[in-house]
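One is the number of the first residue; the rest follow in order along the sequence. Just so we're clear, the structure is a prediction, and the values are computed from it rather than from any experiment.
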Amino acid sequence: QVQLVESGGGLVQNGGSLRLSCAASGDTLDSYSIAWFRQGPGNGREGVSCISTRDGMAYYKDSVKGRFTISRDSASNTMYLQMRDVRPEDTAVYYCAADPRNWVCLPQVGVYGFDYYGQGTQVTVSS
């Protein structure tokens, strides 16, 4: 069973950049589909981006395409979410996630519920 711990959240100005990290332990992330979710004030949790183990392709929610980049580093067993040109509507608690199933991330469709989540890190974008 994999354990996930996020870091890198904080306060950032509109148009700025931030990189979220998620360190994994207990298992290697290479065998998992990985994802980032977020939950904004008064909203439910939504999938932002994911990478499938099926083909290594990435999915991005429409509102973050071209601004966010998901990646993983095998050597450090860590996943990342690089956020650029952030906007106030990106304000949320961000959660990293991992799942051994390869169908929970479909690059042309979206991201489904994952089995394992981190504790979350707050990102606040000031206008």
Side-chain angles (χ1 to χ4, degrees):
Q1 179 172 332
V2 67
Q3 292 84 46
L4 305 169
V5 178
E6 300 98 337
S7 62
L11 178 64
V12 58
Q13 289 188 334
N14 189 17
S17 298
L18 203 63
R19 189 177 79 159
L20 306 182
S21 302
C22 176
S25 60
D27 205 347
T28 175
L29 278 180
D30 286 350
S31 57
Y32 288 75
S33 295
I34 60 172
W36 287 91
F37 291 77
R38 69 185 181 187
Q39 186 166 11
N43 298 328
R45 187 177 296 183
E46 62 178 4
V48 175
S49 179
C50 64
I51 294 179
S52 170
T53 55
R54 183 194 301 263
D55 53 15
M57 299 294 291
Y59 159 83
Y60 293 96
K61 178 179 172 62
D62 282 347
S63 62
V64 308
K65 282 182 182 176
R67 301 189 297 121
F68 291 10
T69 304
I70 187 173
S71 63
R72 74 170 104 205
D73 179 66
S74 298
S76 62
N77 209 28
T78 302
M79 70 171 87
Y80 301 96
L81 184 69
Q82 178 68 53
M83 307 167 63
R84 297 183 176 87
D85 190 24
V86 297
R87 304 165 183 170
E89 54 263 38
D90 295 321
T91 294
V93 178
Y94 283 73
Y95 301 88
C96 60
D99 196 299
R101 299 168 294 179
N102 63 10
W103 58 263
V104 291
C105 173
L106 300 178
Q108 302 303 320
V109 177
V111 54
Y112 295 88
F114 273 48
D115 274 353
Y116 304 105
Y117 292 85
Q119 83 287 353
T121 185
Q122 176 71 46
V123 172
T124 302
V125 182
S126 62
S127 57

Side chain to side chain, Asn43 and Arg38, heavy atoms closer than 4.5 Å: no

Distance-only donor-acceptor pairs under 3.5 Å for side chains of residues 1-15, two or more places apart:
{"from": "Gln3", "atom 1": "NE2", "to": "Gln1", "atom 2": "O", "distance (Å)": "3.0"}
{"from": "Glu6", "atom 1": "OE1", "to": "Gln119", "atom 2": "N", "distance (Å)": "3.0"}
{"from": "Glu6", "atom 1": "OE1", "to": "Gln119", "atom 2": "NE2", "distance (Å)": "3.4"}
{"from": "Glu6", "atom 1": "OE1", "to": "Gly120", "atom 2": "N", "distance (Å)": "2.8"}
{"from": "Glu6", "atom 1": "OE2", "to": "Cys96", "atom 2": "N", "distance (Å)": "2.9"}
{"from": "Glu6", "atom 1": "OE2", "to": "Gly120", "atom 2": "N", "distance (Å)": "3.2"}

Members sharing Tyr80's hydrophobic cluster (side chains within less than 4.5 Å):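 Grouped by the 4.5 Å side-chain rule, Tyr80 forms a cluster of one, so the answer is none.
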
Tyr95 reachable from Ile51 in the ILVMFWY side-chain graph, under 4.5 Å edges: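 Unlinked, Ile51 and Tyr95 end up in two clusters.
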
Val111 with Val104, same ILVMFWY side-chain cluster at under 4.5 Å: yes

Rounded to the nearest 0.5 Å, what's the gap from [atom1] on [X] to [atom2] on [Y]? Could you check?
X: Phe68; Y: Trp36; atom1: CZ; atom2: CH2; answer: 11.0 Å
X: Arg84; Y: Leu18; atom1: CZ; atom2: CG; answer: 11.5 Å
X: Ser21; Y: Leu81; atom1: OG; atom2: CG; answer: 9.5 Å

Partners meeting ring-ring contact (aromatic ring centres under 6.0 Å, His included) with Phe37 (sequence neighbours left out):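 Expected list: Phe114, Tyr117.
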
Closest heavy-atom contact between [X] and [Y]?
X: Ser33; Y: Thr53; result: N-CG2, 3.3 Å
X: Arg67; Y: Asp85; result: NH1-O, 2.9 Å
X: Ala97; Y: Met79; result: O-CE, 3.4 Å
X: Ser76; Y: Thr78; result: O-OG1, 3.0 Å
X: Ser52; Y: Cys105; result: CB-O, 3.4 Å

Summary of side chain to side chain donor-acceptor pair (under 3.5 Å) pairs that have at least one residue in residues 106-115, sequence neighbours excluded: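 Of all non-adjacent pairs touching residues 106-115, those that pass side chain to side chain donor-acceptor pair (under 3.5 Å) are Arg101-Asp115.
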
Using residues 57-64 as the side-chain source, report each donor-acceptor pair under 3.5 Å to any protein atom, sequence neighbours left out, with the distance given to one decimal.
{"from": "Tyr60", "atom 1": "OH", "to": "Ile70", "atom 2": "N", "distance (Å)": "3.0"}
{"from": "Lys61", "atom 1": "NZ", "to": "Glu46", "atom 2": "OE1", "distance (Å)": "3.2"}
{"from": "Asp62", "atom 1": "OD1", "to": "Lys65", "atom 2": "NZ", "distance (Å)": "3.1"}

Side-chain donor/acceptor of Asn77 to backbone N/O of Ala24, under 3.5 Å: yes

Main-chain N/O of Ile34 paired with Arg72 side-chain donor or acceptor, under 3.5 Å: no

Derivation and outcome, side-chain contact (heavy atoms from CB on, under 4.5 Å), residues Val93 and Arg45: CA-CA 9 Å; Val93 178; Arg45 187 177 296 183; over 6 Å; no

Sequence neighbours excluded, every pair satisfying salt bridge (charged side-chain N to carboxylate O under 4.0 Å, His left out) that has a member inside residues 11-33: none

